[in-house]
Structure formats: C-alpha cells, structure tokens
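In this chain, residues are counted from 1 in sequence order. Every value quoted in this text rests on a predicted model; they were computed, and no experiment measured them.
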Amino acid sequence: MKIVSTIEETDRKVVFSLMLVSGALTILYYPILELLFTDWGENDNYSHGYFIPLLSGYMVYTMREILREQKLQPVNSGIFVIALGLIILVVSKIGSEFFLQRASLIVVLLGLALFLLGKLHLKLLIVPILYLLFMIPLPAIIWNKFAFPLQLFGSYLTEQTVRLFGIPIYREGNVLHLVETTLEVVAACSGLRSLVTMFAFSSLLAFLSLLPTWKRWFLFFSAVPTAIIANIIRLSITALL
C-alpha cells in the first residue's frame with residue numbers, strides 16, 4: 001500500500017509540474033503561436049498546419065500505456081536543452097527570425113521531456129515532438145530554393161508526357177507553349193506544397209504502422225515519388241485539356 005501511495009503521489013507531482021509548465025509555455029509562446037495560427041490561414045503551403053498539433057497529440061495518446069509503464073528518471077542536464085531553446089528564442093526574437101522563434105518551442109519541449117520525465121520517455125516522445133516541425137513554415141529563401149528547381153523539373157516531365165500523346169509543345173524554362181495557349185508552371189505548381197504535406201502524412205503512417213523499421217523508412221520516403229508523380233499527372237492533364 002505504501003509503494004502504491006508513493007507512486008500515486010509521484011504521478012500527481014508530475015501532472016502538477018506538467019500543468020505549470022504548460023501554463024508557462026502558453027504565456028511565453030502565445031504571441032508566437034498566435035502569429036503562426038494566422039500564417040496557416042494565409043499561407044496555402046501550410047494550410048495543413050492546423051492538424052499537426054492534433055496528430056502529434058494523437059501519437060502520444062497511442063503510446064499512453066507504454067509511457068505509463070516507464071519509470072520516471074528525470075535528467076538534470078535537460079535544463080541545458082531548455083536553456084538552449086530559450087536562447088534560440090531570444091536571439092531569433094531580436095533578429096526577427098520567425099522560423100527559429102517557432103522551432104525553439106520544439107527544442108524546449110525536448111528539454112522538458114528529458115528534465116521532467118527522463119531518457120526513456122524522451123526516446124518515446126521524440127517523434128511526436130519533432131513531428132511539430134511540419135507545422136512551421138520554412139523561410140521563404142529556403143522554400144524558393146527548392147521550389148524553382150521543382151518547377152523546372154515538373155515542366156520538363158510535363159513536356160515529355162504531353163509529347164507522348166503526339167501534341168506539339170515547346171518548353172521555355174517553366175513556361176509551356178502549346179498551339180493555342182501558354183501554360184506557366186508557377187511556384188504553387190512546383191509540387192513542393194504536396195511534398196511537404198505528403199511527408200507529414202507518410203510520417204504519421206510510418207509511426208502508427210507495425211511494419212519493420214526499414215519498411216517504415218521506405219514508407220516515409222515514398223512521399224517523394226508520390227508527390228512528384230501526382231504533380232506531373234495534374235500538370236499533364238491540364239496541358240492535355
């Protein structure tokens with residue numbers, strides 16, 4: 001009875017600590033999260049961001065029994081990870097770097113898991129926490145660096161596909177010239193938006209599946225050809241029509 005009572009008391013302390021930490025994080029990151037929420041509504045490339053926190057929470061929910069069975073072994077060095085996250089927050093706030101401001105929350109969450117729960121819990125929670133990266137829009141300079149090559153690649157494959165149907169077509173960069181019209185493969189048609197969404201979806205499937213590890217990785221990276229092929233089909237059908 002004494003052992004059970006001690007365990008229950010420890011659980012209550014952990015729950016209380018998590019509640020306090022959740023409240024503190026909400027206050028600290030509220031302005032940042034509010035702007036992030038607005039970005040999801042305005043940035044079509046990250047309209048899936050609304051679902052990421054919910055899916056991350058669902059991942060944790062599926063592991064609730066396993067997490068409960070793990071012994072709490074708080075690691076004091078986790079405080080340094082928390083400090084690192086807060087330093088990133090302050091520096092990025094000074095430099096008005098929105099991506100790092102938002103990403104700092106993930107670093108802080110990793111540190112809190114280590115500091116309050118321990119290595120075993122962190123090992124289990126690391127995927128759901130890192131999954132939150134899919135809700136953070138990439139800086140425009142990085143996004144455009146990938147988007148334009150994908151525009152050219154998509155234009156090239158669309159040109160080759162349309163030629164197979166015997167339709168005259170001429171490609172000039174990311175512009176496709178047909179007999180009676182001209183199509184431009186703009187940034188929104190690069191396929192990068194689909195690629196990011198597919199990676200988020202394949203990550204969830206890989207995490208929830210009971211497949212061997214190598215098959216999970218195969219499922220995760222299958223997002224690349226799936227997104228590219230789907231985009232080429234869409235562009236080709238548009239050109240054919």
Side-chain angles (χ1 to χ4, degrees), residues 6-40 43 46 48-64 66-143 145 196 199-200 203-204 207 220:
T6 303
I7 293 175
E8 290 179 350
E9 184 180 351
T10 302
D11 289 342
R12 282 196 295 269
K13 288 181 179 179
V14 171
V15 171
F16 181 69
S17 299
L18 291 175
M19 290 176 63
L20 285 177
V21 168
S22 299
L25 284 179
T26 301
I27 295 173
L28 180 62
Y29 279 93
Y30 178 78
I32 296 171
L33 295 176
E34 184 181 28
L35 183 58
L36 178 60
F37 194 88
T38 302
D39 281 353
W40 294 338
N43 187 345
Y46 280 86
H48 63 272
Y50 295 104
F51 303 100
I52 300 301
L54 299 176
L55 294 175
S56 177
Y58 179 71
M59 288 180 177
V60 177
Y61 178 76
T62 60
M63 298 187 297
R64 62 191 183 282
I66 300 176
L67 289 168
R68 221 174 263 151
E69 293 172 359
Q70 303 303 316
K71 184 179 178 182
L72 293 175
Q73 295 177 322
V75 179
N76 291 333
S77 58
I79 198 70
F80 296 107
V81 182
I82 298 173
L84 174 62
L86 295 177
I87 291 172
I88 294 173
L89 173 62
V90 172
V91 173
S92 57
K93 191 81 172 176
I94 295 172
S96 298
E97 173 48 59
F98 296 116
F99 177 79
L100 291 179
Q101 288 179 39
R102 296 158 179 176
S104 68
L105 174 60
I106 296 175
V107 178
V108 171
L109 290 175
L110 291 172
L112 286 171
L114 181 61
F115 181 66
L116 294 176
L117 305 175
K119 292 182 180 179
L120 294 177
H121 286 80
L122 176 60
K123 186 177 180 180
L124 292 170
L125 294 172
I126 192 168
V127 173
I129 293 175
L130 292 179
Y131 188 73
L132 294 174
L133 282 170
F134 287 113
M135 72 179 184
I136 304 176
L138 287 170
I141 189 172
I142 296 178
W143 182 273
K145 188 172 184 179
V196 172
F199 263 130
S203 299
L204 178 65
F207 179 83
F220 173 72

Are the side chains of [Y] and [X] in contact, using a 4.5 Å heavy-atom criterion?
X	Y	value
Ile106	Leu130	yes
Asn76	Phe115	yes
Val108	Tyr29	yes
Leu110	Leu114	no
Leu132	Arg102	no
His48	Val196	yes
Gln101	Leu36	no
Ile142	Phe99	no

Mind checking the [atom1]-[atom2] spacing from [X] to [Y]? Nearest 0.5 Å is all I need.
X	Y	atom1	atom2	value
Leu33	Leu28	CG	CG	9.5 Å
Gln70	Lys119	CD	NZ	14.5 Å
Ser203	Leu55	OG	CG	10.5 Å
Leu84	Phe80	CG	CZ	11.5 Å
Ile94	Leu89	CD1	CG	10.0 Å
Ile136	Asp39	CD1	CG	11.0 Å

Give the intermediate values and the outcome of side chain to side chain contact (heavy atoms under 4.5 Å, CB included) for residues Leu117 and Leu122. CA-CA 7 Å; Leu117 305 175; Leu122 176 60; over 6 Å; no
Counting only heavy atoms not in Ile141, do more than 12 sit closer than 6.0 Å to its CD1 atom?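 No, CD1 of Ile141 has 12 or fewer neighbouring heavy atoms, counting only those of other groups under 6.0 Å.
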Counting heavy atoms not belonging to Phe51, are there more than 12 under 6.0 Å from its CZ?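 Count not over threshold, so no.
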Between [X] and [Y] (side chain of the first, backbone of the second, donor and acceptor by atom type, cut-off under 3.5 Å), is there such a pair?
X	Y	result
His121	Leu67	yes
Trp143	Pro137	no
Tyr46	Leu138	yes

Would you check, one step at a time, whether the test side chain to side chain contact (heavy atoms under 4.5 Å, CB included) holds for Ile32 with Leu105? CA-CA 10 Å; Ile32 296 171; Leu105 174 60; over 6 Å; no
Parallel under 30°, tilted from 30 to 60°, perpendicular over 60°: which one fits the rings of Phe37 and Tyr50?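 Rings of Phe37 and Tyr50: perpendicular, as their planes differ by over 60°.
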Evaluate the side chain to side chain contact (heavy atoms under 4.5 Å, CB included) criterion for residues Ile87 and Val91: first the C-alpha distance (whole Å), next the side-chain angles of each, then the deciding distance (0.1 Å), finally the verdict. CA-CA 6 Å; Ile87 291 172; Val91 173; 4.1 Å; yes
Which heavy atom in [X] sits nearest to a heavy atom in [Y], and how many Å separate them?
X	Y	value
Ile129	Ala113	CD1-CB, 4.4 Å
Ser104	Ile88	CB-CG2, 3.9 Å
Pro53	Met135	CG-SD, 3.8 Å
Pro128	Ser56	O-OG, 2.7 Å

